Amino acid sequence: MEINDYQNQIREYIDYPPELGPFSIILSLQNNVGNLASKLNDALINDHGNFTKENRMKTAISLGDSLFDICNMAADLGYSMNDIISLNLMKHKMTAEKESNKDKKQVK
């Protein structure tokens, strides 16, 4: 499935007041990232760093919950996920180029 198709399909499952938009979503995202951290912590502490098949599945589901929030926030802001991905790649490329230029100046 393409990311924009996913983004469009999940819009029917929004369970927050639309007028709150990104403000409500960021709270849900924070909660979901916390759940993700909890799953990783459980694998580290309770399973002594053994990342079992069950832990991997729970982590994957938590990643999906975070993706759900991110896709909805992007849509509420008027962006497709392809837009977000392109902007993010451009940012990282520019950052890498700046670092590379900085390293070249330090070598001289």
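Everything quoted here is computed from the prediction, not taken from an experiment. Quick note: numbers below take in every heavy atom, side chains included, and nothing from hydrogens, waters or symmetry partners.
Considering only residues two or more places apart in sequence or on other chains, E54 meets the side-chain hydrogen bond (donor to acceptor under 3.5 Å, both in side chains) condition with K58. D83 is linked by a side-chain hydrogen bond (donor to acceptor under 3.5 Å, both in side chains) to S80, counting only residues two or more places apart in sequence or in another chain. Remark: S86 pairs with no residue by the side-chain hydrogen bond (donor to acceptor under 3.5 Å, both in side chains) rule, at least two apart or across chains.
Residue L63 is not grouped with residue V33 when hydrophobic side chains (ILVMFWY) are merged at heavy-atom distances under 4.5 angstrom, including chains of intermediate members. In the hydrophobic clustering of this structure, Y6 groups with L77; members are Ile, Leu, Val, Met, Phe, Trp, Tyr whose side-chain heavy atoms approach within less than 4.5 Å, directly or through other members. There is no path of hydrophobic side-chain contacts, each under 4.5 Å, that joins L36 to I70.
The structure places CD1 of I25 at 10.0 Å from SG of C71, a figure rounded to the nearest 0.5 Å. The CE atom of M73 sits 4.0 Å away from the CD1 atom of I26 when rounded to the nearest 0.5 Å. Rounding to the nearest 0.5 angstrom, the gap separating the CG atom in N82 from the CD atom in E2 is 7.5 Å.
Grouped by direct or indirect side-chain proximity (heavy atoms under 4.5 Å, Ile/Leu/Val/Met/Phe/Trp/Tyr only), I61 sits with M57.
Looking only at side-chain heavy atoms (C-beta outward), N32 and F68 stay at 4.5 Å or farther from each other. The side-chain heavy atoms of Q9 and M1, taken from C-beta on, include a pair separated by under 4.5 Å. Between L87 and Y79 there is a side-chain heavy-atom pair separated by less than 4.5 Å. Counting heavy atoms from C-beta on, the side chains of N72 and Y16 come closer than 4.5 Å. Counting only heavy atoms from C-beta outward, the side chains of I3 and L67 approach each other to under 4.5 Å.
Atom CD of E97 is surrounded by more than 12 heavy atoms from other residues, nucleotides or ligands within 6.0 Å.
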**Request:** Check step by step if side chain to side chain contact (heavy atoms under 4.5 Å, CB included) holds for L40 and F51.
**Result:** CA-CA 8 Å; L40 295 172; F51 212 52; 3.8 Å; yes
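Taking both residues in full, the closest heavy atoms of A74 and M81 are given as CB-SD, 3.9 Å, listed atom of the first, atom of the second, then distance.
Judged as a salt bridge (charged side-chain N to carboxylate O under 4.0 Å, His left out), the pairs with a partner in residues 60-78 (not counting sequence neighbours) are, in order, R11-D76. Listed by first and then second residue, the salt bridge (charged side-chain N to carboxylate O under 4.0 Å, His left out) pairs that reach into residues 32-43 come to none, sequence neighbours excluded.
In terms of modelled atom types and a separation under 3.5 Å, the side chain of N88 and the main chain of I84 share no donor-acceptor contact. A donor-acceptor contact shorter than 3.5 Å is absent between the side chain of S100 and the backbone of A96.
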